[in-house]
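Below, read A as the first sequence line, B as the second, and so on, with proteins coming before strands; counting in each chain starts at 1.
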Amino acid sequence: MSEQRSPEGGRYEDDLAQALPEYAERVLDVAELIPAGRVMTYGDVAEWLEQGGPRQVGRVMALYGGAAPWWRVVRADGVLLPGHEQRALGHYRAEGTPLKEASRAAEGHLPRIDMRRARWDGGDRAEGHT
DNA sequence: AGCGTGACGAGTA
DNA sequence: ATACTCGCCACGC
């Protein structure tokens, strides 16, 4: 069976290409829930959704992250998003996100997020989930 | 269909 | 702290 038609008349593939994929919407929703001053890793978001993996979440953020607080979804090692370090840093300083200053041995290095303190598990709302 | 690539992550050396 | 390996999975060529 090919050439299946969607209710709107277009081919399903076309609809999927233009509408924000539901998965992407779910990812952005979670990003919106992260409190200021806290972060969630790509993997955490995927786990929380019980769907996809870190790389899928990363893909979504890369494509549609601009519409969400993208700086609150970070790598597990706390490294700032390459190419957006200054913007991210500005947000972290403004929100009071826990940072680990670069050691003087590594001079030119930017601070990294202190994941132990900044990581947010979904805390308050974890109850309603599972 | 195979293969490289990526806003990833964990493990090992 | 750095480097490299694997596992992961959606995409594009």
Is there a salt bridge (Lys or Arg N to Asp or Glu O under 4.0 Å) between A:Arg75 and A:Asp77? Walk through the geometry before answering. CA-CA 5 Å; A:Arg75 282 175 55 147; A:Asp77 59 11; 3.0 Å; yes
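Rounded to whole Å, atom P of C:dA10 lies 19 Å from atom CE of A:Met61. A straight line from CZ of A:Arg59 to P of B:dT5 spans 14 Å, rounded to a whole angstrom. With rounding to whole Å, A:Leu63 atom CG is found 14 Å from C:dC9 atom C1'.
In summary, A:Asp114 and A:Arg117 engage in a salt bridge, as defined by a charged side-chain N under 4.0 Å from a carboxylate O. Salt-bridge annotation for A:Arg72 and A:Glu95: present, with a side-chain N of the basic residue lying under 4.0 Å from a carboxylate O of the acidic one. With salt bridges taken as basic N to acidic carboxylate O contacts below 4.0 Å, one links A:Glu101 and A:Arg93.
Take A:Trp70 and apply the side chain to side chain donor-acceptor pair (under 3.5 Å) test, not counting sequence neighbours, and it matches no residue.
Across all their heavy atoms, A:Pro111 and A:Leu80 have their closest contact at O-CG, 3.6 Å.
Residue-to-nucleotide proximity on DNA chain C shows that, of A:Arg112 and A:Gln56, the 5′-proximal contact is made by A:Arg112.
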Per-nucleotide protein contact string for nucleotides 8-13 of chain B, where B marks a base within reach and S marks sugar-phosphate only (heavy atoms under 4.0 Å, - for neither): BSS---
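For the P atom pair drawn from B:dA7 and C:dG7, the interatomic distance equals 22 Å after rounding to whole Å.
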